[in-house]
Amino acid sequence: MLTVARSSRSALVSSRGKALSKAQWDAVRGLASYDTVVIGGGPGGYVAAIKASQLGQKTACIEKRGALGGTCLNVGCIPSKAMLNNSHIYHQTLHDIKARGIDVDGVSLNLPNMLKAKDTSVTGLTKGVEGLFKKYKVDYIKGTGSFVSANKLKVDLLEGGEEQIEAKNVIIATGSDAMAFPGVPFDEERIVSSTGALSLQEVPKKLTVIGGGVIGLELGSVWSRLGAEVTVVEFMSGIGGVGIDEEIAKSFQKILTKQGFKFKLNTKVTSLKREGDVVTIEVEGAKDGKKETLTSDVVLVAIGRRPYTDGLNLEAIGVEKDKKGRIVIDNQFNTSAPGVKCIGDVTFGPMLAHKAEDEGIAAAEFIQTGHGHVNYDAIPSVIYTHPEVAWVGKTEQELKAANVEYKIGKYPFLANSRAKTNNDQEGSVKILVEKETDKILGAHIIGPNAGEMIAEATLAVEYSASAEDVARTCHAHPTLSEAFKEAAMASYDKPVNF
């Protein structure tokens, strides 16, 4: 009798405990067959694999990184939040806690330990996902997957050799990759992507960020707090990226400027060149063409991400892509190849981990039941600076463009008792409400814990709640969430505490 530990492809043993050769293994097992195989072990992929297995499907997940969690867990969302949190504590200790009655002497930065703390948080979480795979009996195949046909995959194993597997259904969840400045590859030392910016071995004196979106502002905040002089070069006229409300973006820029950020908006980068330890950036005004030369110790290129389909051999199965390189899908995540679905960054929509997770669950449900659900009008976005910025639903500029009649409810954290007590009162809550029905169409928050507070707004949008529904819901006192209640009240009446 032969037994196989599927969670470890190297564990090929007979009942007598002797290792089998690859030839013996191939002869015994034939071609491994699954109900569902997921290519990519990021937030969308690993969630899809777990949900498929929970629904009774024999499931495998192929991941080439050798660690689950994708960009988000390994070199994105999670490590950046570790650095944001710890750099904020350091900055607060230097500049804020004395006013709170706490005297501390000899505060200094230990960057190697801060980076180690970041890595420890990542490792713990990746191992946690592996544990979930074992719990829910998902086969974890470490290697690079590519299509032989729509239901047959070849995997180049990280440990050497290759394997072929069959699947009734395949879910592509290969994510995205950082876009480099045209003609200038990342060296991850002086010209860095978000990955390199999370592992700088010293604090740069000058950091230039190309791109004023979420990634650029978050990582710019980390190094600004640790002592770098940060300049953000942005082609557009405002910061925050796609989807941010223009009024909130302007307030956000003012706050970051007070923190030491310098901004060059409406500015185009025309050249980027490293010479030794100095990077030269040539820029010009997007409107007036005025030229300027900047120099920097490190340049973070944060101009966006591209769908990652390299090596999948999509041509072999006729998968259609759009002009941006995204895989085209229908409303059930089906690609143009039968039995092949696609989710996450590699297809349409915002490149957000939680969007990919919801799609992963829905894709697995479609395979099993024919039904699934993702509400793309209720996907929140968060910028984890301090203060945080978060939003969901429509912006004011979108409502104006669509000729929707709306009302606005605003409430400043300056009037919120918990924010005042914490001496952390910058920002406000802004709610957009349909004039005729009182339905909440969008919510935009800049302030402490905005990323947590946006969950209430998202629930309101998901269930088409009215502003009065929220205002008449009892909120605990004193909490920051009361600001959301007061903003809802302000949209149809008057706030009580302002």
Salt-bridge criterion met for K250 and E246 (N-O under 4.0 Å): no
Y34 and N169 side chains, donor-acceptor separation under 3.5 Å: no
Donor-acceptor contact present, side-chain R305 to main-chain S176, <3.5 Å: yes
Side-chain (R190) to main-chain (G276) donor-acceptor, under 3.5 angstrom: no
Derivation of the side-chain contact (heavy atoms from CB on, under 4.5 Å) call for L314 and I172: CA-CA 10 Å; L314 296 178; I172 300 171; 3.9 Å; yes
Flag, side chain of D330 to backbone of Q332, donor-acceptor distance under 3.5 Å: yes
Parallel, tilted or perpendicular, as decided by the 30° and 60° cut-offs, for the rings of F133 and Y140: perpendicular
N/O donor-acceptor pair under 3.5 Å between E218 side chain and Y384 backbone: yes
S146 side chain to N313 side chain, donor-acceptor N/O pair below 3.5 angstrom: no
Ionic contact status for D177 with R306, cut-off 4.0 Å: yes
Any donor-acceptor N or O pair under 3.5 Å, side chains K51, T59: no
Donor + acceptor pair across side chains of T208, S296 (<3.5 Å): yes
Interatomic spacing from CG in L219 to OG in S80 - rounded to 0.5 Å: 6.0 Å
Check: W391 side chain, G442 main-chain N or O, donor-acceptor pair, under 3.5 Å: no
Parallel, tilted or perpendicular: ring planes of H91 versus H95, cut at 30 and 60 degrees: tilted
Atom CZ of F235: over 12 foreign heavy atoms under 6.0 Å: no
Polar side chain donor-acceptor pair, E130 to Y46, under 3.5 angstrom: no
Distance flag, aromatic centroids of F333 and F348, threshold under 6.0 Å: no
Side chain to side chain donor-acceptor pair (under 3.5 Å) between E282 and T270, intermediate numbers included: CA-CA 6 Å; E282 302 288 346; T270 58; 5.5 Å; no
Test: E275 and K273 ion pair at under 4.0 Å: yes
F261 six-ring face occupied by K254 cation (under 6.0 Å, within 45°): no
Between E188 and S193: side-chain donor-acceptor atoms closer than 3.5 Å: yes
Side-chain donor-acceptor contact under 3.5 Å, D358 with H373: no
